[in-house]
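Inspection log for the structure reproduced underneath, given as structure tokens.
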Protein chains: 2
Amino acid sequence: MHDPAHMPGHLIRRLQQIAVAVYYAETDNAGIDLTPVQYAAMATLLDVGEIDQITLAGLIAYDRSTIAGVIDRLVQKGYVERQVSPTDRRARILHLTETGRQILAHAKPHVEKAQQNMLMGLEENEKEQFLGLLNKIIAAGNDQSRAPMRKD
Amino acid sequence: MHDPAHMPGHLIRRLQQIAVAVYYAETDNAGIDLTPVQYAAMATLLDVGEIDQITLAGLIAYDRSTIAGVIDRLVQKGYVERQVSPTDRRARILHLTETGRQILAHAKPHVEKAQQNMLMGLEENEKEQFLGLLNKIIAAGNDQSRAPMRKD
DNA sequence: CAAAATTAATCAGCATACTGATAATCAGTG
DNA sequence: CACTGATTATCAGTATGCTGATTAATTTTG
């Protein structure tokens, strides 16, 4: 009766809590002032170069209402610049500043370490199994959320 | 590089988004005005009877700072009562109201349906595999978060 | 038993996420 | 070219989650 160990919703919420805690456990010591979400936004910007907010949001599955605040805070810190697109005055083009690039480079190894730690407790083959199943679930459920992930 | 499909942190956050969306997809039509978190709190209260906030928080791994607001809203709706413990005046004893019991009974089948839907896309044996791995990761990482789950 | 440590709850502050609405702009059509 | 519809961004409002501080009450200890 109501056994949390068999309730996916509860376990998923719990896993997310732990993943975030593991992220901070690894990054706090390194003096990194980026949230997991902020890191993902910056890492994606580094990958794809200059894009508008909606495109960025689609690549990392952020809600359009959430992305504005995330970018606000990165602009505030001086890691990202936001300027009106010359070709579409509705859109805001984003790109990393030089400072942003440096911060990101410094954070990267620690964040990658954290990603490893998140699955601690699993054997190597189990990790692959788990990631495979995760991707399968997400592929099937992607369109359920208001902020689906969109391929470039 | 920076392939989201191999970043546990990103996938976990995404899975949580989808799980919540699936919950609402299933409960909205049934006119259920409970968040996933509120439902879990009430379901646990039904299971264990009268307990204080901290104990409840431990059972479902909520932060002590978060539980107050959750309970506030349930009290507001008339589903839960909160009274000062006669044996420890710091503590607030919680219990479901009759209305709360009815609401919970009405919500239960829909929420359980949603729990099934969350793993849609997986075969039966994969679901078990996934839940097994989930529990294993959580067991290993439980103490990482500020709000660990505590066995009764 | 009195002082110190601990505990339950709350609070202010910050950062996701979402709903639903609005403003500004652009694109397509007649 | 004017009009309709779509799109980008933002905003107000609500609900988790967390940090760190505070208050009140209880428990432990010297």
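Note that these values count all heavy atoms, side chains included, but never hydrogens, waters or copies made by symmetry. Reminder, nothing fancy here: chain letters follow the sequence lines and each chain counts from 1.
Side-chain nitrogen and oxygen atoms of B:R90 include none within less than 4.0 Å of the OP1 or OP2 phosphate oxygen of C:dT6. The side chain of A:R92 places an N or O atom within less than 4.0 Å of a non-bridging phosphate oxygen (OP1 or OP2) of D:dT10. The phosphate of C:dC18 (OP1 or OP2) has no side-chain N or O of A:R64 nearer than 4.0 angstrom. Regarding contacts with the backbone of D:dT16, a side-chain N or O of B:R73 is found under 4.0 angstrom from either OP1 or OP2. For A:Q38 and C:dA15, the shortest distance from a side-chain N or O to OP1 or OP2 is not below 4.0 Å. Side-chain nitrogen and oxygen atoms of B:R146 include at least one within less than 4.0 Å of the OP1 or OP2 phosphate oxygen of D:dT19. Proximity of B:Q53 to the phosphate of C:dT10: a side-chain N or O atom is located under 4.0 Å from OP1 or OP2. Neither OP1 nor OP2 of D:dA9 sits under 4.0 Å from any side-chain N or O of A:R89.
One interatomic measurement links the two molecules: CD of B:Q144 to P of D:dG17, which rounds to 18 Å at whole-angstrom precision. If you measure from atom CG of B:D28 to atom P of C:dG20, you get 9 Å, rounded to the nearest angstrom. Between A:Q16 atom CD and C:dC18 atom P there is a gap of 11 Å when expressed in whole angstrom units. In this structure, A:I60 atom CD1 and C:dA17 atom C1' are separated by 13 Å, rounded to whole Å. Put simply, CG on A:D72 is 7 Å from P on D:dT10, counting in whole angstrom units. In this structure, A:D52 atom CG and D:dA6 atom C1' are separated by 15 Å, rounded to whole Å. For the pair A:D88 CG and D:dA6 C1', the interatomic distance rounds to 12 Å; values are reported in whole Å. When rounded to the nearest whole Å, the span between OH of B:Y24 and P of D:dT14 equals 14 Å.
The base of D:dG17 is not paired with the side chain of B:S145 by any donor and acceptor separated by under 3.5 Å. Remark: the A:S65 side chain and the D:dC11 base include a donor-acceptor N/O pair separated by less than 3.5 Å. For A:T35 against C:dT16, a side-chain-to-base donor-acceptor contact under 3.5 Å is absent.
Between B:R92 and B:D52, no side-chain nitrogen of the basic residue sits less than 4.0 Å from a carboxylate oxygen of the acidic one, so the salt-bridge criterion is not met.
The residue A:V70 sits close only to the backbone: its heavy atoms come under 4.0 Å of sugar-phosphate atoms, none of a base. Counting any heavy atom pair closer than 4.0 Å across all strands shown, B:D63 reaches a base atom.
Among all heavy-atom pairs drawn from B:P148 and B:D143, the shortest one is CB-OD1, 4.2 Å.
Formation of a donor-acceptor pair under 3.5 Å by the B:Q38 side chain with backbone atoms of B:T35 is found in this model. Checking side-chain atoms of B:K136 against main-chain N and O of A:E126 turns up no donor-acceptor pair under 3.5 Å. Checked by atom type and distance alone, the side chain of A:T99 never pairs as donor or acceptor with a backbone atom of A:Y79 at under 3.5 Å.
In this structure, the separation between CG on A:L45 and CD on A:E50 is 9.5 Å, given to the nearest 0.5 Å.
In terms of position on DNA chain C, the residue among A:Y62 and A:P86 whose nearest nucleotide sits closer to the 5' end is A:Y62. Sequence order on DNA chain D of the closest nucleotides to A:A91 and A:R13 puts A:A91 first from the 5' end. Mapped onto DNA chain C by nearest heavy atom, A:A147 and B:R82 fall at different nucleotides, with B:R82 at the one closer to the 5' end.
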